[in-house]
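Report on the structure given below.
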Amino acid sequence: MLVVVPGGAFYSPPSRRFVSHLCAELELNQLEPWLAITPMPACTLDLELKNGAVEPVKLRSIADVESEASRLRAKHPTSPRDTEKSLARTLAGHYKKFQAQSSLPAPYRGPSYSDTLSGGDITNLAASFEVGHTGLVLEVAQSLAGAGLGLFMRKRDASAPHVVLQAGQALCGYPCRVSARPMIEGGKTILFSLASLDDEVMFDAKLQPLRAVLEAAGPSVQLAGHVISWDSAVPTGVQLSDEADTAATGMIASADELLAGPCRYLVPYSGVDFTGGGDGRPPGIAGVGDQANDLAVEKSAKDGKLQVIDAPGC
Amino acid sequence: MDINQIFRLKYFHHLCIILPIAIALLLQVKGAKRGGDGGPYGGAEEYAAAAEKHDLLYFRYRLDLMHADQSTDSSTSNNGKPRGGRLVPGSAVLVARRAVMVDSTVPMELGHAYGWPYWQGQLSDQLRWG
């Protein structure tokens, strides 16, 4: 599905007349409903050449400048003043102006194999797939932070559009199942504990505060492993069920039997095949999240390698 | 004893009092900065600072609404009123902590902070189970 949103930006330098407009091309994912990653909008403009011809140009990234300049020059060889170099310079200026207007966030610069002493390519690649047609590629390969696999992210290729991840954007799923015991699998087991009504949860395919979910659901709805206190139809508090004060005033939902007790954990479900299983199914983006490591790391002063700072208590 | 000697003696006494207090205060501040209260969270601030710097992803629970009839298709009954039921954790998601642009073809590792609830849970379990 293609949605074109005209930006309406007009730019008319004195030497040559341009009528450019910014268009946002948003390709919606046919993916999990909670996943709404979109490629960065492409810069499109109508470029008027010196021979009077007007050519539509679409720049998905700065890497497209050279190829578009080359294409225009080949298409209009009779316009001697429009050299490939001058066209490229003009297009680059337009793209930079477009980027500035888009107020893009800072590029992500995480640990990469080029940071290692060997500077080698990615190793032990277990999975690699593009998220929809966004140009964003997720990979599972040898972690730089320690033993085992890790989760990596990159752009598909130089011609692919940049991808912007907004704060709060879901990137991938974290496959897990509920357990009453703290099964520690590489430190990836997580306690199911919501401490505040302001804690954000993914519900109905969007990130929203627990308070909003409860208000929409009403007092008749319980939260597994927790008790919710209500004042009329307004939730006023949430706490783990084993610490519940059942004598508290107001309406209190009873604890969920399945998750009652001192322990309720979300244990990574390693049965998920994130490689796609070789049976034609696409790789499961919902199944790669637990491959990400805790990168509370710092570079060793001794050998420059990344060292993990152990979380206290482990 | 001349006047200079009197002054030296006077300030020496002051130093004897002030210096130990200053050293004790400095040690206390340093210990607090390191999270070194002697408890199980020693080093918490170092860990949190490093995680904040490098862990782009954080964990968010995903909730499903399970109705009394075990269906999860809708949160309302035919008359438009909530049917009741329970919110249960489903397969969770990892979410970007801050806005970033992906502009490089070089694979870069993504960090995910496990989150304090896990470690707090571990500690409280140790306390519970002795």
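Chain naming here is simple, since letters A, B, ... match the order of the sequence lines and numbering starts at 1 in each.
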Worksheet item: Are B/E109 and A/S112 close enough that a side-chain donor and a side-chain acceptor fall under 3.5 Å?
Response: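 The answer is no; no qualifying pair exists.
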Report the distance from atom [atom1] of [X] to atom [atom2] of [Y], rounding to the nearest 0.5 Å.
{"X": "B/R86", "Y": "A/S220", "atom1": "CZ", "atom2": "OG", "value": "14.0 Å"}
{"X": "A/Y108", "Y": "B/M108", "atom1": "OH", "atom2": "CE", "value": "8.0 Å"}
{"X": "B/L94", "Y": "A/D290", "atom1": "CG", "atom2": "CG", "value": "8.5 Å"}

Please classify the contact between [X] and chain B as side chain, backbone, both or neither, with a heavy-atom cut-off of under 4.5 Å.
{"X": "A/L104", "result": "side chain"}
{"X": "A/L136", "result": "side chain"}
{"X": "A/V213", "result": "side chain"}
{"X": "A/L214", "result": "side chain"}

Is [X] reaching over with its side chain to a backbone N or O of [Y], donor-acceptor style, under 3.5 angstrom?
{"X": "B/D55", "Y": "A/L295", "value": "yes"}
{"X": "B/R62", "Y": "A/V201", "value": "no"}
{"X": "B/Y61", "Y": "A/S193", "value": "yes"}

TODO: Check step by step if side chain to side chain contact (heavy atoms under 4.5 Å, CB included) holds for A/Y174 and B/V93.
DONE: CA-CA 5 Å; A/Y174 190 96; B/V93 294; over 6 Å; no
When heavy-atom pairs shorter than 4.5 Å are enumerated against chain B, which of [options] gives the highest number?
{"options": "A/A106, A/A160, A/G289, A/G135", "result": "A/A106"}
{"options": "A/R156, A/E139, A/Q166", "result": "A/Q166"}
{"options": "A/P107, A/A195, A/A63", "result": "A/P107"}

Minimal heavy-atom distance between B/P89 and A/A224, with the atoms involved, is CD-CB, 4.0 Å
Worksheet item: Taking all non-hydrogen atoms of both residues, which atom of B/Y58 and which atom of A/G168 are closest, and how far apart?
Response: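 Residues B/Y58 and A/G168, closest heavy atoms: OH-CA, 4.2 Å.
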Test side chain to side chain contact (heavy atoms under 4.5 Å, CB included) on A/F203 and B/L87; report intermediate values, then the result. CA-CA 10 Å; A/F203 182 73; B/L87 291 161; 3.7 Å; yes
When the 4.5 angstrom heavy-atom criterion is applied to B/L110 and chain A, the contacting part is both
Q. Hey, which of B/S104, B/P107, B/G90 has the most heavy atom pairs under 4.5 Å with chain A?
A.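 Looking at each of B/S104, B/P107, B/G90 in turn, B/P107 comes out on top.
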Requested in this report: List the steps and the verdict of side chain to side chain contact (heavy atoms under 4.5 Å, CB included) for A/L207 and B/R60.
Outcome: CA-CA 8 Å; A/L207 207 60; B/R60 277 292 171 260; 3.8 Å; yes
Charged N-O contact under 4.0 Å between B/D103 and A/R154: no
So A/L171 and B/L56, do their side chains get closer than 4.5 Å, heavy atoms only? no
Verify side chain to side chain contact (heavy atoms under 4.5 Å, CB included) between A/V164 and B/V102, making sure each step is shown before the conclusion.
CA-CA 6 Å; A/V164 173; B/V102 184; over 6 Å; no
